[in-house]
Amino acid sequence: MDNVFDYEDIQLIPAKCIVESRSECDTSVTLGGHTFKLPVVPANMQTIIDESLAVKLAENGYFYIMHRFNPETRIDFIKDMQARGLIASISVGVKDEEYTFIEELAAANVVPDFMTIDIAHGHSNAVIRMIQHIKKHLPTSFVIAGNVGTPEAVRELENAGADATKVGIGPGKVCITKIKTGFGTGGWQLAALRWCAKAATKPIIADGGIRTNGDIAKSVRFGASMVMIGSLFAGHEESPGETIEIDGKTVKEYFGSASEFQKGERKNVEGKKMFVEHKGSIKDTLIEMQQDLQSSISYAGGNKLDAIRNVDYVIVKNSIFNGDKVY
Ligand SMILES: NC(=O)C1=CN([C@@H]2O[C@H](COP(=O)(O)OP(=O)(O)OC[C@H]3O[C@@H](n4cnc5c(N)ncnc54)[C@H](OP(=O)(O)O)[C@@H]3O)[C@@H](O)[C@H]2O)C=CC1
Ligand SMILES: Nc1nc2c(ncn2[C@@H]2O[C@H](COP(=O)(O)O)[C@@H](O)[C@H]2O)c(=O)[nH]1
């Protein structure tokens, strides 16, 4: 692999502006036949999304993926969302009981709009078998499969029937996979995204490592149709993580899906817990993301998201912050 870089190493190069105001720039994206306001989805993790936030996001035109950690609630969740006229988007694993779950959904004619296979090492026969099982029983569900970090994996999952693949092994804020196993795309997630996107014939979701709103535009530039984000969405009023006071400051918990806090035991732990400052309402964060992305589109010289996909860029190793902070 040559040209290895990550988000902080890249600057996109501006092109001549064609809009009079950033508000003219359209950040919407279409995935699985549905159009969403932003190419952004909160991570399907227990401290990031719950049922009530899923409803709020869907009602307001944002994509969401419900996590898979309360498996017994999923059928009612799908029915409830669809009864409200909202998209139903859930996650599944690959263990035996998940095969039965898919068959139960098919038998009851409860068909989620989106199904995400959420596994640490998605380049596996276990995931290929699950894609095929979903496609056999629920052929109209849009299947997102992951996580992967190589073009071979993207091709294999697409060939098995995945409608989109999710790229990112280990770049997450609460991830310790890179430290505990020595493997992953941590530190070069953006280059891995580019590598995978070149092989992809279907949409790619970039997952993990987003630290600033500018990283969303960079993900789109390097091939993402959608960007999955955990830490930037953690700590909001609506976030399910526990709220506590530390040294007079209100903070909320954010823990990894492979942490002992999620698993309830110290076995194959590849995630940790942290506390993030309380950030107010998620609505304000989504609005700011939209404004920043509109600005990115204007710098790209267009008025639609696609304008970002073709801009030039430079690699400026580890230098974009120069010690600066956003606020
Ligand atoms: N994006 C990322 O970088 C990562 C994300 N995660 C998140 O953590 C959660 C738990 O993930 P995961 O452990 O896959 O889910 P599960 O605990 O549900 O494991 C799923 C199945 O895959 C097997 N499995 C897991 N990892 C491997 C591996 N490296 N090689 C072979 N088999 C494996 C498990 O068996 P067994 O446990 O016996 O091995 C189990 O049968 C998910 O939400 C996932 O997204 C976790 C790590 C990295
Ligand atoms: N290695 C691990 N990765 C994890 C774990 N739980 C979630 N994740 C991944 O992180 C992203 C979110 O990344 P962020 O940088 O935006 O915070 C999430 O979507 C998962 O792919 C874990 O326990 N270990």
Side-chain angles (χ1 to χ4, degrees), residues 6-8 40-49 63-71 90-99 101 116-130 144-150 153 165-190 192-193 196 204-213 215-216 219 224 226-236 239 241 252-276 279 285 289:
D6 211 344
Y7 289 101
E8 67 267 28
V40 159
V41 59
N44 48 348
M45 299 166 72
Q46 202 166 4
T47 50
I48 299 297
I49 181 108
F63 187 39
Y64 79 90
I65 302 175
M66 187 59 198
H67 65 73
R68 65 178 168 94
F69 303 111
N70 297 323
I90 62 158
S91 303
V92 294
V94 294
K95 293 186 179 162
D96 290 349
E97 57 272 23
E98 296 293 63
Y99 282 82
F101 171 60
T116 297
I117 305 173
D118 171 35
I119 294 298
H121 190 6
H123 191 184
S124 67
N125 287 332
V127 168
I128 288 170
R129 280 194 301 269
M130 182 50 82
I144 298 167
N147 274 21
V148 298
T150 63
T165 52
K166 193 144 67 70
V167 170
I169 309 273
K173 186 100 172 181
V174 285
C175 163
I176 53 173
T177 298
K178 51 191 172 282
I179 297 160
K180 292 196 70 174
T181 72
F183 281 82
T185 58
W188 64 290
Q189 166 70 2
L190 193 59
L193 172 64
C196 290
I204 285 202
I205 301 180
D207 180 12
I210 301 294
R211 301 288 172 263
T212 67
N213 290 352
D215 294 346
I216 300 167
S219 302
M226 185 66 75
V227 185
M228 179 170 268
I229 302 178
S231 56
L232 290 188
F233 281 123
H236 289 92
S239 308
K252 291 194 84 157
E253 64 176 356
Y254 174 41
F255 56 71
S257 304
S259 67
E260 60 179 303
F261 307 96
Q262 181 72 64
K263 294 181 160 211
E265 61 174 340
R266 273 198 80 75
K267 181 167 179 280
N268 292 325
V269 164
E270 290 188 21
K272 64 181 180 182
K273 172 151 106 173
M274 61 185 290
F275 291 96
V276 298
K279 296 175 184 158
T285 296
M289 275 180 185

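Both counts, for ligands and for their atoms, begin at 1 and track the order of listing. If you read the sequence from its start, that first residue is 1, and numbering goes on from there.
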If you measure every N or O of [X] against every N or O of ligand 2, does any of those distances drop under 3.5 Å?
| X | value |
| --- | --- |
| Lys166 | no |
| Lys173 | yes |
| Gly168 | no |
| Lys272 | no |
| Gly208 | no |
| Ile210 | no |

What residue and heavy atom of the protein are closest to [atom], and at what distance?
| atom | value |
| --- | --- |
| atom 38 (O) of ligand 1 | Lys267 NZ, 4.3 Å |
| atom 26 (N) of ligand 1 | Ala120 CB, 4.6 Å |
| atom 45 (O) of ligand 1 | Asp118 OD1, 2.5 Å |
| atom 28 (C) of ligand 1 | His121 CB, 4.2 Å |
| atom 3 (O) of ligand 1 | Gly170 N, 2.7 Å |

Which atoms of ligand 2 have any heavy atom of [X] under 4.0 Å away?
| X | value |
| --- | --- |
| Arg211 | 14 (P), 15 (O) |
| Met45 | 6 (N), 7 (C), 18 (C) |
| Ile229 | 16 (O) |

Problem set entry | Leu232 and ligand 2 - part of the residue with a heavy-atom distance under 4.0 Å | neither
For this session: Would you please determine whether Tyr254 falls within less than 4.0 Å of ligand 2 on a heavy-atom basis?
Result: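 The answer is yes: ligand 2 sits under 4.0 Å from a heavy atom of Tyr254.
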For this session: Might you confirm whether atom NZ of Lys273 has over 12 heavy atoms from other residues, nucleotides or ligands at distances under 6.0 Å?
Result: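 Yes, enclosed.
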Has the side chain of [X] got a donor or acceptor atom that lies under 3.5 Å from a matching backbone atom of [Y]?
| X | Y | value |
| --- | --- | --- |
| Thr181 | Phe183 | yes |
| Gln189 | Val167 | yes |
| Lys263 | Asn268 | yes |
| Lys178 | Gly170 | yes |
| Glu270 | Ala258 | no |
| Ser239 | Phe233 | yes |

For this session: Pick one of side chain, backbone, both or neither for how Phe69 approaches ligand 1, counting any non-hydrogen atom pair under 4.0 Å.
Result: side chain
Per-atom contact, [atom], protein heavy atoms, under 4.0 angstrom:
| atom | result |
| --- | --- |
| atom 48 (C) of ligand 1 | yes |
| atom 35 (O) of ligand 1 | no |
| atom 42 (C) of ligand 1 | yes |
| atom 24 (N) of ligand 1 | no |
| atom 5 (C) of ligand 2 | yes |
| atom 20 (C) of ligand 1 | yes |

Exercise. Side chains of Tyr7 and Ser219: is there a donor and an acceptor less than 3.5 Å apart?
Worked result: yes
Identify, by atom number and element, the atoms of ligand 1 in contact range of [X], meaning under 4.0 Å from any of its heavy atoms.
| X | answer |
| --- | --- |
| Gly168 | 1 (N), 2 (C), 3 (O) |
| Ala258 | 8 (O), 46 (C) |
| Thr177 | 47 (C), 48 (C) |
| Ile169 | 3 (O) |
| Val94 | 20 (C), 21 (C) |
| Asn268 | 37 (O) |

Exercise. Heavy atoms only: which of His67, Lys95, Arg68 is nearest to atom 15 (O) of ligand 1?
Worked result: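 Checking each option, the heavy atom nearest atom 15 (O) of ligand 1 is found in Arg68.
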Problem set entry | Heavy-atom proximity to atom 9 (C) of ligand 1, best of Gly230, Gly146, Gly186, Ser257 |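 Considering heavy atoms of Gly230, Gly146, Gly186, Ser257, the nearest to atom 9 (C) of ligand 1 sits in Ser257.
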Exercise. Under 3.5 Å between some N or O of ligand 1 and some N or O of Glu270?
Worked result: no
Exercise. Where do Ile65 and Asn44 come nearest, in terms of heavy atoms and distance?
Worked result: O-CB, 3.3 Å
Problem set entry | For Gly149 against Thr185, the heavy-atom pair lying closest together | CA-CG2, 4.0 Å
